[in-house]
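Input: a single structure, listed below in C-alpha cells.
A, B, ... follow the sequence lines: proteins, then strands. Residue 1 opens every chain.
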Amino acid sequence: MIVAEQKPFEQIFNSVKNYENIMVLGCGTCVTVCMAGGEHEVGVLTKQLILAAKQNNVNLNVEELTITRQCDKEFFDENTTNKIKEADAVLSLGCGVGVQYIVELFPDMIVKPGVNTKFLGANISQGLWSERCGGCGECVLDEYEGICPVARCAKSLMNGPCGGSSNGMCEVDPENIECAGQLIYDRFKRLNKLETLLEFKPAKNWSLSRDGGPRRVAREEMMFDDE
Amino acid sequence: MDKNKTSSDSHLEQVLYSGEFTLTGELGPPKSADKNDIIEKAKSLKGYVDASNITDNQTAIARMSSIASGVISLEQGLEPVIQITTRDRNRLAIQSDVLGAAALGIKNILCLSGDHQSFGNHPTAKNVFDIDSIQLINMLYKMREEQQFECGDMIRNGKKGPVVEPKIFIGAAANPFAEPLDFRVMRLEKKIRAGADFIQTQVIYDMDRFKQWMEEVKQKDLHKKVYILAGITPLKSARMAKYMKDNVSGISFTGDIIERMEKAEDQKAEGIQIALEQIEEIKSMEGVHGVHLMAIGGEKSVPDIVEKAGLMPRPSVKEMKT
Amino acid sequence: MEGKEPKIIAFCCHYCAFTAADLAGTMRQQYPTNIHIVRLPCTGKVHVNMLLQAFVDQADGVIVAGCEIGSCHFLEGNTRARKRVALAKQKLEEAGVDPEKLDMYYIPASEGQLFAKTAHEFTERIKRLNENKKEQPGITNSK
Ligand code: SF4
Ligand code: SF4
C-alpha cells in the first residue's frame, strides 16, 4: 500500500485558515489502512481545525467526508461532488495522487494536502510501516529471491552489500534499517544458492522508472470504444 | 586481470608488477579552492609513496574535486589514484569524467559506492547511485579492454575518429571486517571478475580477522588475480580508537589495540608504533602486495613512518611521465 | 464564565470508574453536578476523535476514568486508552487548547470516595484554568 503520514498540524492550519469553508476529505483505501487519512483521522483533524479556529478567532466552517478512493472517478458521487463544490478549499487526506486527482476533477477548486506521502510499504507490526518497493518499473525481485535492493538498500546497490553493513543493519541507520545486502545474502544462503550471488549484476535500466519521465500504463482491451 | 602483463602506464601498476612491496598514500582535498593545500600535502607524500589516493567528497562532504586535485598532485610529481564514488554522479557524468581525467594524465581510479550523503554536510541532497561500485569497475574495464562506453558505443569521436580509450589501472576497495563476514571474500571475487586490478582494504585494527580473510583469499587463489594493499592508519589517540569502534560501521578492533593506546604515555607515538608493527607483519604475508597508508590530516607523518618501516627508498620503475 | 460551573464530560468504564461513581452516589459522597458521565463498556472504547468532539461540543474539561492499570476487565483497554489520551492531549495542544483540560484517571470500583475527590479536584482545575483564561493562541501566524 501507499504509506503516508499526517503533516504537522500547524502547517495544515496555516494552509487552510484563509478559506472560510473547508472540506476535509479522507480516502478509504491506503491512507485508511496506514491510519493517516481515513475516516477517523479526518474526524480528529476536523475537530482540531474547529478548536484551533476558535482559539485563533478565525472564521472557519469545517465539513468532513471520507470516500472509498480518491484516485478513481467513480467514487466521486453526486453527494461528494456537491459537498466539494460548496467548499472554498478541500483539505485532502489522500496521498499525493488523491490531491491531484481532485484538482483534475474540480479545476476551480483549491486543494491542499494534509499528509506527506511516504512510500510503498507494508505494515510490519502494529503502528509500524516500512518501505518495500520503489516502483522501479521493471521488477527484479525474481533475481534477488524476493528482497528488493532498489528500495531497501540505502544506496540501491545491485551488487551489495557495501562495507557499511554491520550486524545485519545498514550504516545509514543501524538502529532501524536492515541491510538489504545482508537480507539478500541470508535468503540465498537459506535457499542454498549462495554461489549465484557471485553473478555480476549489470547496471539497471532506470528508464522504466521515474527517471524515464512520468509513466503511464495503457490497456487497450479495457478501454471503452467511445473514450 | 592478467598479472603477466601490465594494462596501463600507471606507475603504481609498474611497481606492483615489479613485485616490490608497494606503498600508496591518501590525500584529502581541501574544503576550499586552496591549491596550496594540495601542493603542500603532495610535497610531503612525494617520494615516500608510489601513488596517493585522492578522495572524492569523502564522508559526503563537498570538497575540491578529486580529478582537479589529482592533476595538481600530478604536477607535483605525485601519482594520483583518483577515487570515484557512484553517489554523486551517474554513468554519463562518470564516463565523461574518466575521459577527462585520462586526458589530463590520470592513470589510476579507485571505484567506490561512497559514504551515504546522510553522513556529510549536505544531508538533504539527492543521491544518484545509478550504478554501484562493482558496475563502475566493470564500466572502466569495458572502456579500457573493449574500447566501449557502458551503452556499447565505441570510444571514438565519430565514425572516422581515432579510438582513444582511457587506459586506467582499476582499483577497488575491500572490507574484510564488514558483514556478512563469509560473503566478504565472495565480494572480492565479484570485484575481480568485474575487472578490478588492485584492491585496497579497509583499515586494519583486527589483524586476526585480516589474516583469516587472507587465508580464504589464498584458498581461492584470488591473490594471484589481483594486487592487494592492506589498509593501515596510525591511531592518533585512544579516544579516536574508541570513537571509530563505536561509530564507524565496518571497522573491527581487537581488544589489545585500544588497551595499548590507553596505557601509552605518548598515544600518538604508540599509534605509529602499532602501525609499524602491523606493516612489519604484513610485509611477510603471502599474497599481500603492499600497504595503503591512510593518514588523512596527518600526511606529514607519512615520511617518518615509511622511513622507520624500512621502506625507503621507493622504487623508480621508470621516470614518471606527467 | 464567572460563577458558572464548568461543563465536564467523564468517560467512565462500566467495570470500575462508573461503578465507583455509582457508589459515590449511594454513599452520599458529594461530587459536583456539572460532571456528565458517559458510560463506556471499557476505556478501550475511547478514541481521539470522541475526546476532541467533546471539546468541540463546548466541554470545558474531559476526564477518562478506567480501572487501575493491571486490572482492566478487558485486560488492556485502559493502557490503550492512556496512549490515546496522550495523543489527544497533543492534538489539543496543537490546536491551542490547554492539554490540562483532558486527563485520565484510574479508579477501582470500590473507591467511591476517590471518584468524588477526583471529580472535585478536576473541577477546581478547570475553574482555575478558565479564570486565567488569557490563553495564548496556540497557533502562531504563518511563518
Ligand atoms: S525491483 Fe522495482 S518493482 Fe520490484 S520491488 Fe524493487 S522497486 Fe519495486
Ligand atoms: S549497509 Fe547494506 S543497506 Fe546500507 S547502503 Fe550498505 S549495502 Fe545498502
Side-chain angles (χ1 to χ4, degrees), chain A residues 134 136 140 143-144 147-190 192-212, chain B residues 60 85-87 90-91 94 111-119 123 127-139 141-142 150-151 172-195 201-203 220 231 246-252:
Chain A
C136 75
V140 293
E143 291 172 54
Y144 293 87
I147 292 157
C148 173
V150 177
R152 299 186 70 182
C153 167
K155 301 180 189 166
S156 296
L157 302 178
M158 310 305 286
N159 294 282
C162 76
S165 176
S166 165
N167 296 318
M169 303 304 277
C170 170
E171 62 174 353
V172 170
D173 182 355
E175 306 266 290
N176 297 307
I177 308 177
E178 288 174 295
C179 167
Q182 173 83 48
L183 291 173
I184 291 167
Y185 171 86
D186 291 343
R187 178 102 172 115
F188 276 63
K189 193 167 182 178
R190 166 182 292 223
N192 254 325
K193 51 188 292 190
L194 260 191
E195 72 295 343
T196 56
L197 270 190
L198 267 176
E199 232 169 77
F200 169 73
K201 300 285 184 199
K204 189 167 163 52
N205 175 3
W206 297 112
S207 72
L208 300 162
S209 80
R210 235 293 307 168
D211 301 87
Chain B
T85 72
T86 61
R87 176 195 57 225
N90 67 8
R91 60 192 91 173
I94 293 175
C111 305
L112 301 168
S113 59
D115 294 311
H116 194 267
Q117 76 278 5
S118 59
F119 292 105
N127 62 36
V128 180
F129 295 120
D130 171 31
I131 55 174
D132 64 23
S133 58
I134 298 187
Q135 290 159 350
L136 174 57
I137 293 168
N138 196 248
M139 197 166 81
Y141 184 79
K142 195 168 159 185
E150 204 277 332
C151 62
N175 188 347
F177 315 105
E179 278 157 58
L181 278 181
D182 38 340
F183 184 62
R184 287 297 145 185
V185 174
M186 277 178 85
R187 190 161 159 80
L188 173 67
E189 188 170 355
K190 246 182 128 160
K191 291 191 173 183
I192 295 170
R193 287 192 190 183
T201 77
Q202 170 69 291
V203 288
K220 295 196 162 159
D246 297 338
N247 295 294
V248 184
S249 294
I251 291 195
S252 161

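- Of all non-hydrogen atoms in Phe119(B) and Glu171(A), the two that sit nearest each other are CZ-O, 3.1 Å.
- Note on Arg187(B), Gln202(B), Glu189(B): by heavy-atom pairs under 4.5 Å with chain A, the leading option is Arg187(B).
- The main-chain N or O of Lys201(A) is found under 3.5 Å from a side-chain atom of Gln135(B) such that the two form a donor-acceptor pair.
- Of the atoms belonging to Asn175(B), it is side-chain heavy atoms, and not backbone ones, that fall under 4.5 Å from chain A.
- Nearest heavy atoms, Asn167(A) versus Glu179(B): N-OE1, 2.8 Å.
- Closest non-hydrogen pair, Arg184(B) versus Cys162(A), comes out as NH2-O, 3.0 Å.
- With a 4.5 Å cut-off on non-hydrogen atoms, Gln117(B) does not touch chain A at all.
- Using a 4.5 Å cut-off between heavy atoms, Tyr185(A) contacts chain B through its side chain alone, with no backbone atom that close.
- For the residue pair Pro180(B) and Pro161(A), the shortest heavy atom distance occurs at CD-CG, 3.6 Å.
- Interface check for chain A: of the options Ile131(B), Asp115(B), Val128(B), Ile134(B), the most heavy-atom pairs under 4.5 Å are formed by Ile134(B).
- Not one N or O on the side chain of Arg193(B) forms a donor-acceptor pair closer than 3.5 Å with the backbone of Glu199(A).
- The part of Lys204(A) that comes within reach of chain B is its backbone (N, CA, C, O), which places non-hydrogen atoms under 4.5 angstrom from that chain.
- Between the CG atom of Asn159(A) and the NZ atom of Lys191(B) there is a distance of 9.5 Å, given to the nearest 0.5 Å.
- For the pair Gly114(B) and Lys155(A), the tightest heavy-atom approach, listed with the atom from each and the gap, is O-NZ, 2.8 Å.
- Between atom CG of residue Leu197(A) and atom CE of residue Met186(B) there is a gap of 5.5 Å, rounded to the nearest 0.5 Å.
- Between Asn127(B) and Ala154(A), the closest heavy-atom pair is ND2-O, 3.8 Å.
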